[in-house]
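A quick write-up on the structure given underneath.
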2 protein chains.
Amino acid sequence: MSGAAAAPPSRRGGETRRHLIETAIDVFGEYGFEAATTRTLAERAGVNLAAIPYHFGGKAGLYRAAAQYIADHVESRMRSVFEQAGAVLRSERAGRAELLRVLHALLDTFATIVVTSNEGDNWSGFVMREQMRPGEAFEILYQGVMQRVHGMCAALIARLLGEPEEDAKMKVRTLMILGQILIFRMGRAAALRRLGWKRFTDDRIDLVKAVMREQVDAIVARATPQQS
Amino acid sequence: MSGAAAAPPSRRGGETRRHLIETAIDVFGEYGFEAATTRTLAERAGVNLAAIPYHFGGKAGLYRAAAQYIADHVESRMRSVFEQAGAVLRSERAGRAELLRVLHALLDTFATIVVTSNEGDNWSGFVMREQMRPGEAFEILYQGVMQRVHGMCAALIARLLGEPEEDAKMKVRTLMILGQILIFRMGRAAALRRLGWKRFTDDRIDLVKAVMREQVDAIVARATPQQS
DNA sequence: GTCTATAGTCGGATAGAC
DNA sequence: GTCTATCCGACTATAGAC
């Protein structure tokens, strides 16, 4: 967790709330909703057990609050590239180079967020669990960020390839390209193991980004295979 | 699930054991180790609660047995393509077309197994949870299948690109290519949502495979970007 | 708003009959 | 090998003092 407290409310209530949410993201991400106990949640947040029913109505309310917090957090880190990409997409006659530039910027930012999470703040476990058993919290996450990342990438790739944006094929293509990044998060244990790494350092993330650019360039270059 | 139980004991013990393992894969995959209760495990398997400590020494033993069962099962479904790929890789002067053919065969088989799981047998939740919190069971899964899939793909791609196989770059590249498939399993909820699908039918899986081939061909074609 | 103490529930494992 | 009954520990939530 990085930022300073956003809202310093009346007394210590807001502080407790916030602390509890940030801890809850870690704990729920690590153990899952059922296995995470209110004792662990309260203990790690350094607050009293009874604060959970008091502030959030119960364990489930805290869970929802955590999902909302993640959506807001990632959204804020993506906002700048979202705006760049939106601007380029709105201009009817954006050049190929410009389309590629914002696509790379979008994927780079996404890769940084996705790969570096869990070396400090750990929302990814939370998100992965919601992928496995989508519930109320999945809606909050999907509507907030996932949809926009997918949508923007698909629009950019469609323009670059000159193919229709709303086809299933284009959506599949876009999902696959995002999968090239997400593998390092969702299959992190296997990826690190395979690479003989213990964790992702900055230069390793740069390698990932470099290979990604190479492969995205190849895909949108529309080179007919083995034309050589 | 296909394979027979490894150790068929005296009476109905083997049947109970097997049933318990297959159910356990579903239940652990759905709820996770901690949240899955022995009562649920026994009930869904239609066996007595006390059978779990009896046959597996406890909940943890059943979990390990389930991991081994998954590794064996996937291994057996991949065996044929593993052998094909191994043969091609051993022949020093395998042509480009042949290398591509076995790479596609490998990825196709992998895609089928990965995407169709969970419409019947559900080992993917189990595997994903081990990715999040790698434990004893992760070793069983990694050593068994993951390592071979990654290794074979990397070897084939390295040959096709004429790049060294053991470099981090090649491993990253291979992981990314596999990520194109795995996104449909690990990010299934978001993918289905984005595509407006409820589930993966045969023709949808064919679409995924077709796009994957296209993109793999583009990547290994070594086309310099924007040469056009 | 925060704490301690406790009520009420459900978990895993075992004992011992069959 | 399989069952029923039971123990004991851990969990969530609440009551009520401060």
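Bear in mind that the values here come from a model prediction, so they are computed numbers and not experimental data. Side chains are part of it too, since the values below use all heavy atoms of this structure and drop only hydrogens, waters and symmetry mates.
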Atom-to-atom span, CZ of Arg39(B) to P of dT9(C) - whole angstrom: 15 Å
Euclidean distance, atom CZ of residue Phe33(B) to atom P of dG12(C) [Å, nearest integer]: 9 Å
Rounded distance in Å - CD (Glu43(B)) to P (dC3(D)): 13 Å
Touch class at under 4.0 angstrom, heavy-atom based, for Ala51(B) against every strand present: nothing
Whole-Å distance separating the CZ atom of Phe56(A) from the C1' atom of dA13(D): 16 Å
OP1 or OP2 of dG1(C) under 4.0 Å from side-chain N/O of His55(A): no
Under 4.0 angstrom between Thr16(B) side-chain N/O and dT2(D) OP1 or OP2: yes
Parallel, tilted or perpendicular: ring planes of Tyr63(A) versus Phe28(A), cut at 30 and 60 degrees: perpendicular
More than 12 heavy atoms of other groups within 6.0 Å of Glu34(B) CD: yes
Min side-chain heavy-atom separation Ser117(A)-Asn122(A) under 4.5 Å: no
Difference in axis direction between the ends of the helix from dG1(C)-dC18(D) to dC18(C)-dG1(D), five pairs, 10°: 0°
Euclidean distance, atom CZ of residue Arg17(B) to atom P of dG1(D) [Å, nearest integer]: 10 Å
Pairwise 5' ranking along DNA chain C for Thr37(B) and Ala50(A), keeping only the more 5' one: Ala50(A)
Nucleotide of dG1(C), dC3(C), dA13(D) approaching Thr38(A) most closely (side-chain heavy atoms): dA13(D)
Flag side-chain contact, heavy atom, 4.5 Å: Phe82(B) against Glu75(B): yes
Distance in angstrom units between Leu62(A) CG and dA13(D) P, rounded: 11 Å
Sugar-phosphate, base or nothing in reach of Ile52(B), heavy atoms under 4.0 Å: nothing
Contact under 4.0 Å: Asn48(B) side-chain N or O vs dT4(D) OP1/OP2: yes
Can you list, pair by pair, the side-chain donor-acceptor contacts under 3.5 Å of residues 138-146 of chain B, counting residues two or more places apart and other chains?
residue   : atom : partner   : partner atom : Å
Glu139(B) : OE1  : Arg193(A) : NH1          : 3.0
Glu139(B) : OE1  : Arg193(A) : NH2          : 3.1
Glu139(B) : OE2  : Arg193(A) : NH1          : 2.8

Chi angles and distances behind the side-chain contact (heavy atoms from CB on, under 4.5 Å) call for Leu195(A), His150(B): CA-CA 11 Å; Leu195(A) 285 156; His150(B) 285 153; over 6 Å; no
For atom OH of Tyr54(A) and atom P of dT2(C), their distance in whole Å: 7 Å
Tyr69(B) and His73(B) aromatic ring geometry - parallel, tilted or perpendicular at 30°/60° bounds: parallel
Sugar-phosphate only, base, or nothing, as touched by Ala42(A) at under 4.0 Å among non-hydrogen atoms: nothing
Atom-pair distance (NZ on Lys59(A); P on dT14(D)), nearest Å: 14 Å
